[in-house]
Amino acid sequence: MAPEIAARLSHRFSLQMQPDGNIAASLGDYSVNLGQFSEAAIDRARHLSTGLPLASFAGKSILAREIDALVHRLARQGLLEYRLSSSRGTQDFVVIEPQVPEYWPRRAKLGSRDTIVLSRFAFLRRRGNELVLESPRAGALFRIGDPAIAATLAALSQPRKIGKLNQKMASSTLHLLELLLDSQILLKLDAKGGDGLRVNEGDGNLVLWDFHDLVFHTRSTEGRQANPVGAAFTYAGVVPPSPAVRPPWAGSKIDLRKFSSAEPNSHFPKLLRERHSTRDFDDKHPVTLGELAQFLDTTARVVSEWKSEPYFEGGSEVTYSTRPYPSAGSAYELELYLTVANCDGLARGLYHYDAGSHALVAISVSPQQLQAHLAAAQFAMDAPGQPQILITIAARFGRVSWKYSSIAYSLILKDVGSLIQTLYLAATDMGLGGCAIGSTNIDLFAKMTELEFHIEGPVGQFALGRGKKPEVQG
């Protein structure tokens, strides 16, 4: 039997067939309507619980087009996985779990003379009782069902020709290798390039990324992974929560309260204590363009620029800037992108803040992308409405990793923390409201800006607006 790829409904969901022909995917109280279909399509759709071969609806018949539409709708909602069957039987040779909504299994053709090698970002790990192969560059992870695959992958730590890899390699293994090549878990080397791709992976911007940094970036944000994000309380039933204040160490204690001044002699301590997160904004009295200009001038504008001598012989001079918040190595890699929903004097849209010129530059995006970006921020804040201005903090990753190895991404996140506190204090001082947001969709941002996620991408968000005043009870 030839190996085949089949689409299968995620085990957490079930399909509900309605008498009027509507189909919905449901999980408990959560339901996704998929549209209305013919009786024949409904009968065929029942096979999605065990697996429907992709080849079975690749034709141009009315039924095939209906099933194709249904399966792609399920895929966009992240409700499908794909099984690759072994040519030896019905066993799940590999199960593919999409990590991005638009993933679709495709095979990049390989010939016997092609040379392939594992990406340096690929890793094989245990997840529960399963073995999974993944990469931060890939749109899917691969759940390995046949232990023999691990030996093949180990051999690909060095470049190998397909023809010499395994003379008795099963056709299902070749199918898998072609799927992995399409997912950039494997690389194909050309005859002239040799193993030169081992460093830059075919993209020069990847040279500056360490393995653990790129994994951390993609697995701690939304958009390129399918794990639950946010307040999932994963371990709530396993261990009790830690106390809000750490229990004191045993030993002698020096009470500092008698040394503290009851009345601070500056406005700053009061500003720090008044700082708080605001999630409810007054859309009848939005932030004005003048206030936004002052806010950005206070927090993020370039104050000065300077140059240093080359760090090594034959190198280039390095340019630096100074801004109102601290930055590791004076890199100032952070960029501000403003998604404006409601600002008096500024049209709704996406803008980049040019910190050098103290100017806003409009970026063309679709209304759907803009709405999705704002809605995600509202959901993440658990807010009653959208932020008036959503500030996405993006990093030019190479600006830091060019100098710092191994600790680059951690330095970027520390810079984000410094900037967010600066934004909070400026908003508080101006009588505005702000709220840091812990998650952002790096894939959506990449589509909006047309920037590759590993070149410049989101590392933080901050909602800005005029907070609603508490209603006075009469």
Side-chain angles (χ1 to χ4, degrees), residues 5-39 41-54 56-57 66-84 92 94-105 127-130 132 134 138-143 145 218-238 368 371-384 437-444:
I5 302 172
R8 182 167 67 188
L9 192 68
S10 171
H11 67 278
R12 296 171 296 171
F13 285 80
S14 61
L15 290 182
Q16 305 297 324
M17 318 299 188
Q18 308 299 331
D20 61 358
N22 274 292
I23 300 179
S26 63
L27 172 64
D29 295 333
Y30 176 72
S31 180
V32 179
N33 184 41
L34 301 165
Q36 194 171 36
F37 296 87
S38 68
E39 187 175 344
I42 289 175
D43 286 340
R44 181 72 64 86
R46 298 184 198 280
H47 293 284
L48 284 168
S49 60
T50 54
L52 194 59
L54 302 190
S56 69
F57 53 88
E66 273 195 285
I67 296 299
D68 185 71
L70 171 62
V71 171
H72 275 86
R73 286 172 197 170
L74 286 164
R76 282 194 295 273
Q77 295 289 337
L79 303 180
L80 287 183
E81 60 184 23
Y82 306 91
R83 58 190 292 265
L84 175 62
D92 284 348
V94 167
V95 175
I96 306 168
E97 298 180 13
Q99 301 298 296
V100 296
E102 68 271 16
Y103 175 82
W104 191 260
R127 187 187 67 182
N129 293 324
E130 302 166 339
V132 295
E134 55 185 310
L141 66 78
F142 293 73
R143 198 163 75 226
T218 56
R219 296 304 186 258
S220 60
T221 53
E222 293 182 88
R224 296 193 63 82
Q225 53 111 359
N227 297 318
V229 175
F233 298 99
T234 307
Y235 306 106
V238 181
Q368 293 80 9
Q371 176 60 24
H373 201 46
L374 291 165
Q378 178 186 348
F379 178 79
M381 288 192 297
D382 191 22
I437 300 173
S439 65
T440 181
N441 190 313
I442 62 175
D443 203 48
L444 175 58

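These values consider heavy atoms only, across backbone and side chains, with no hydrogens, waters or symmetry-generated copies.
- Here the closest heavy-atom approach between residue Leu444 and residue Asn441 is recorded as N-OD1, 2.8 Å.
- Taken to the nearest 0.5 Å, the CG atom of Leu74 stands 5.0 Å off from the CG atom of Leu34.
- A distance of 11.5 Å separates CD in Gln225 from CG in Asp443, rounded to the nearest 0.5 Å.
- Rounding to the nearest 0.5 Å places CZ of Arg73 at 4.5 Å from CZ of Phe37.
- Taking every heavy atom of both residues into account, Ser56 and Arg44 meet most closely at O-NH1, 3.6 Å.
- Between the OH atom in Tyr103 and the CD1 atom in Ile96 there is a gap of 4.0 Å [rounded to 0.5 Å].
- You'll find the side chain of Leu15 stays beyond 4.5 Å of the side chain of Arg46, heavy atoms only.
- Residues Pro105 and Leu54 have side chains in contact (heavy-atom distance under 4.5 Å, counting atoms from C-beta outward).
- For the pair Glu97/Glu134, no side-chain contact is recorded, criterion being any heavy-atom separation below 4.5 Å from C-beta on.
- Ring geometry for Trp104 versus His72: interplanar angle under 30°, hence parallel rather than tilted (30 to 60°).
- Under the 4.5 Å side-chain criterion, counting only non-hydrogen atoms from C-beta, Leu79 is not in contact with Leu27.
- The CG atom of Leu52 sits 11.0 Å away from atom CZ of Arg83, with the distance rounded to the nearest 0.5 Å.
- A donor-acceptor contact closer than 3.5 angstrom links the side chains of Ser38 and Glu66.
- Atom CZ of Arg8 and atom CG of Asp92 lie 4.5 Å apart (nearest 0.5 Å).
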